[in-house]
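On a predicted model such as this, the values are computed, not experimentally measured, just so you know. Here is how names work: the chains are called A, B, and so on, in the same order as the sequence lines, proteins then strands, and each is numbered from 1.
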Amino acid sequence: MQEKYLPSDIERAAQTKWAASQIYRASDDSDRPGYYCLSMFPYPSGKLHMGHVRNYTIGDVLARYHALRGFNVLQPMGWDAFGLPAENAAIANNVPPAAWTYANIDHMRTQLQALGFAIDWSRELATCKPDYYRWEQWLFTRLFEKGVIYKKMASVNWDPVDATVLANEQVIDGRGWRSGALVEKRDIPMYFFRITQYADELLSGLDKLPGWPERVKTMQANWIGKSVGVRFAFPYQLPPPSPLEGEGRGEGGEVENGQLWVFTTRADTIMGVTFCAVAAEHPLAARAAADNPALAAFIAECKQGSVAEADMATMEKKGMDTGFEVTHPLTGEHVPVWVGNYVLMSYGEGAVMAVPAHDERDFGFAQKYGLPINQVIDLPPSPTGGGGAGGEGAFSTDAWQEWYGDKIRGRCVNSGKYDGLGYDAAVDAIAADLEKLGLGEKKIQFRLRDWGISRQRYWGCPIPIVHCESCGDVPVPAEQLPVVLPEDVVPDGSGNPLNRRADFVHCACPRCGGAARRETDTMDTFVESSWYYARYACPDFAGGMLDARADQWLPVDQYIGGIEHAILHLLYARFFHKLMRDEGLLASDEPFANLLTQGMVVADTYYREAADGKKTWFNPADVELRDGVAILKTDGAPVIVGGTEKMSKSKNNGVDPQALIDAYGADTARLFTLFAAPPEQSLEWSDAGVEGAHRFLKRLWKLAYEHVQGGASTAFAGGELPDAAKTLRRQLHQTIQKVGDDIERRKQFNTAIAAVMELMNALGRLEGTDAVTRSVRQEVLEAAVTMLAPMVPHIAEALHAELRPGAAMAWPVVDESALVQDEIELMLQVNGKLRGQIRVATTAGRTAIETIALASEAAQKYLEGRPPKKVVVVPGRLVNIVP
RNA sequence: GCCGGGAUGGCGGAAUCGGUAGACGCAGCGGAUUCAAAAUCCGCCGCUGGUAACAGUGUGGGGGUUCGAGUCCCCCUCCCGGCACCA
């Protein structure tokens, strides 16, 4: 055995051995129970970053642990290969996105292999390959024919200078990232998945996912946002039609029949409506603007800026009167209609009733524009003389108070026949009255919107539709799939280059054979990542999207990925699973049985700002801190310190793990990322501590080396032990218990590692070279090496081979008899404060413990002869004496 | 703005069901070894007072429940993630 721990040698040897024996190939027909362990596949951005290392190390620990416990483990890997960064790289370096992507994949695959993950590489897939995306296109055409996919207009960010659609990320302070031009919203036709049709099932299905973190389920439930409310209309008569015809959009309000429809969850406040607000895109707004230039200008202003909801929600709330009035359906009063920049056309009806007295946003809006605020809800008087007019302050139009919006305690006032009713009764009565008038009904509304998947970009999966003058939108027939994306294209940032590829665009209509145009939009890359987990079960199946092996492996037993995917990716994947189920491709309802959401790896960001506001981001590795000032190493000049953010390409704050692997080896890199923080917590990157992880491995190697040098030994198998060895054995079996629990149930690896470290510290202190002591040392080392094998597989492989040549590794079993203790120490508290310890027999009962505690020196001191008021005994823990 | 999280020594973190706060590791300090250094080994290490025993205090801030609160409840501050075209 080598005296020194040489990571590069043992890692190369172990990886060579694993590759040759193909031991990580999952068997499609095995007697052993299957365990499908999946980590979110990476976007091939160029190099692995620490987030990847963390994600795949966590997955590998769970995969290897289950393999050691006898499962037939499937841990696949692939590439989320379509996406925006490839186009950005193409613009910057004049390389085709395809070539860039394939080169990145090759490099990152090498890096993953160097980390020694137990991956079944025979199932590798890349979403940009036609043999993958052809099935996505196939499913698209099926869903299109079923009506699950439909076409409608939707807003995008339009850069008028580059003449291109921008991603939200590419809009910085309302301007295009490259051109600096003011971005405007533009309506274009897009294809949508009818995810709202599955809203109820996506919501109720969360209850069937006990293996998901509560916070993720809460976020998804809130995102779906089921609310029960009332949809109703304000009738109106338009003023004489202007010569310019308003451009109706079909969605939302209906100009023709003279009814402005709104949705509200607060129908109980309907008598307090003092105005209505419509989105800038609402047909009524367009109609009003036709002969009102000021309003037209305001609407144009509303159309500036990005479509991102965060921007919409944080901007200053502005509005303008349309001059139109609608009729309140219950009071018959005239209600003015305003255009509000905060009303979203894509949510509900694109119009809202405004009750300034009882909605905080409406309140602020009414105050700003001097609109009336009419109180219609009050709190019932409380016994303490409270109530709206009492304890919590009287209603006042000067300042908003929390209770104005209280739908639990509030009662209707100033509301005619509804006075005195609480929320439920009022909503019921009002909905019934509206229904009698034919002007409304109760309705369930979801916040969730249909999923628009059209992207005006080149590097994505082509949407398999052909546009024909006579036949309309025709899906490409299955036998003509895949619609192959040409891979020799270099985008230049001005629009979608596919539009300029005549060979791609011009085609024959599959229905009539006439000349037609191929759709040049590509799909949202979330589509590819919504079903890859299923394709891993049968990546080689050429006869269809999935075969029977999908049901054999699915649902995924353990899915691991970043918390940033808590909503979108995970919701889309759940939705897609149901789509595939309803196509008869799968039997299960949910894709992922257990979910581990790893915290982000975050790092500081550094940048400089050019005169035109453009920011250049610098990697933390190129920045150093001198006297508290961040300095760029290359030029010695200061840089601005940004926030601590998730490592990303756009902020250039990714830490390259390669240097770590080169200097210390893969095992140290793995051990350190696991030890630095529990998986669910975010990990703030710092180099400190890497040394410690490496030192531990060296120490482990040394302990094993010294033991092996003493000659062959076999693990302790029973008999009498000296006290020191007996104590160590007890610690060993406690550790086995803890490590198993930490990995399997708690999924917290830092504490598992700490427990083994403690065990090794204790082993180092054990003296004696007699055979029985050596046998305990052998037992401890074998078990420790095996328990560490999921985390640091290379060194474990090497050490196990030295400790038990030729034997297979098997997870250690807890010896209950080793855990038995005669005496334990209890903490002694007086009035909740720690004042001493007492030793009692493990078998001692409550009264015996109490007697010992009261007789103790500490108790005597604080009781001063008085009898205690109370004695609390917590078995196995402590005694608290209340004097 | 809305939704979801988080905050514990100089630092990363531990405390699993309300029961010893600071495990394990990093950094630091002292010592051993060495011609010297690296590596390694041993010891100390929340803060305040005290030579010490010990006492007080301490888990972002304020209040509460409890024999007992880092953990539960209410309010607040700051930080992070998501917000539908980054993935």
Results of side chain to side chain donor-acceptor pair (under 3.5 Å) for A:Lys226 - residues two or more places apart only
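Scan of A:Lys226 (side chain to side chain donor-acceptor pair (under 3.5 Å), adjacent residues dropped) gives A:Asp200.
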Can you list everything that forms a side chain to side chain donor-acceptor pair (under 3.5 Å) with A:Glu744? Sequence neighbours excluded, please.
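If we apply the side chain to side chain donor-acceptor pair (under 3.5 Å) test to A:Glu744, skipping adjacent residues, the hits are A:Tyr65.
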In whole angstrom, what separates [X]'s [atom1] from [N]'s [atom2]?
X	N	atom1	atom2	result
A:Asp80	B:C86	CG	P	13 Å
A:His49	B:C86	NE2	P	16 Å
A:Gln748	B:A23	CD	C1'	12 Å

Would you say A:Arg835 reaches B:U20's phosphate, i.e. side-chain N/O to OP1/OP2 under 4.0 Å?
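Negative; the distance criterion is not met.
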Pick from A:Phe193, A:Tyr191, A:Phe526: which one makes a ring-ring contact (aromatic ring centres under 6.0 Å, His included) with A:Trp451?
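The option that passes is A:Phe193.
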Measure from the side chain of A:Phe675, starting at C-beta and using heavy atoms only, and say which of B:A87, B:U20, B:C24 lies closest.
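Taking heavy atoms from C-beta onward, the closest nucleotide is B:C24.
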Would you check if the distance from the ring center of A:Tyr342 to the ring center of A:Phe365 is below 6.0 Å?
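Yes, close enough.
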For RNA chain B, what is the dot-bracket line, given that a base pair needs Watson-Crick (N1 to N3, plus N6-O4 or O6-N4) or G-U wobble (N1-O2 and O6-N3) geometry with both distances under 3.5 Å, and | means paired with another strand?
(((((((..(((......[....))).(((((.......))))).((((....))))..(((((..]....))))))))))))....
Residue whose nearest RNA chain B nucleotide is more 5′ - A:Ala755 or A:Pro42:
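Nearest nucleotide further toward 5': that of A:Ala755.
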Taking all heavy atoms of A:Leu854 and all of A:Pro868, pick out the closest pair and write down the distance.
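Distance-wise, the nearest heavy atoms are CD2-CG, 3.8 Å.
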N/O contacts under 3.5 Å, protein versus nucleotides 38-45 of chain B?
residue	atom	partner	partner atom	Å
B:C41	OP1	A:Arg699	NH1	3.2

Is there a donor and acceptor pair, one atom on the side chain of A:Lys738 and one on the base of B:U16, closer than 3.5 Å?
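Yes, the side chain and the base share a sub-3.5 Å donor-acceptor pair.
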Can you tell me whether the side chain of A:Arg745 and the base of B:U16 have a donor-acceptor pair closer than 3.5 Å?
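It does, because a donor-acceptor pair links the side chain of A:Arg745 to the base of B:U16 below 3.5 Å.
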I'd like to compare against my own output: the B/S/- annotation of nucleotides 1-8 of chain B with a strict under-4.0 Å heavy-atom distance to protein.
B-SSS---
Give me, pair by pair, the N or O atoms of the protein and of nucleotides 64-67 of chain B that are less than 3.5 Å apart, along with how far apart they are.
residue	atom	partner	partner atom	Å
B:C67	O2'	A:Asn880	ND2	3.4
B:C67	O2	A:Asn880	ND2	2.4

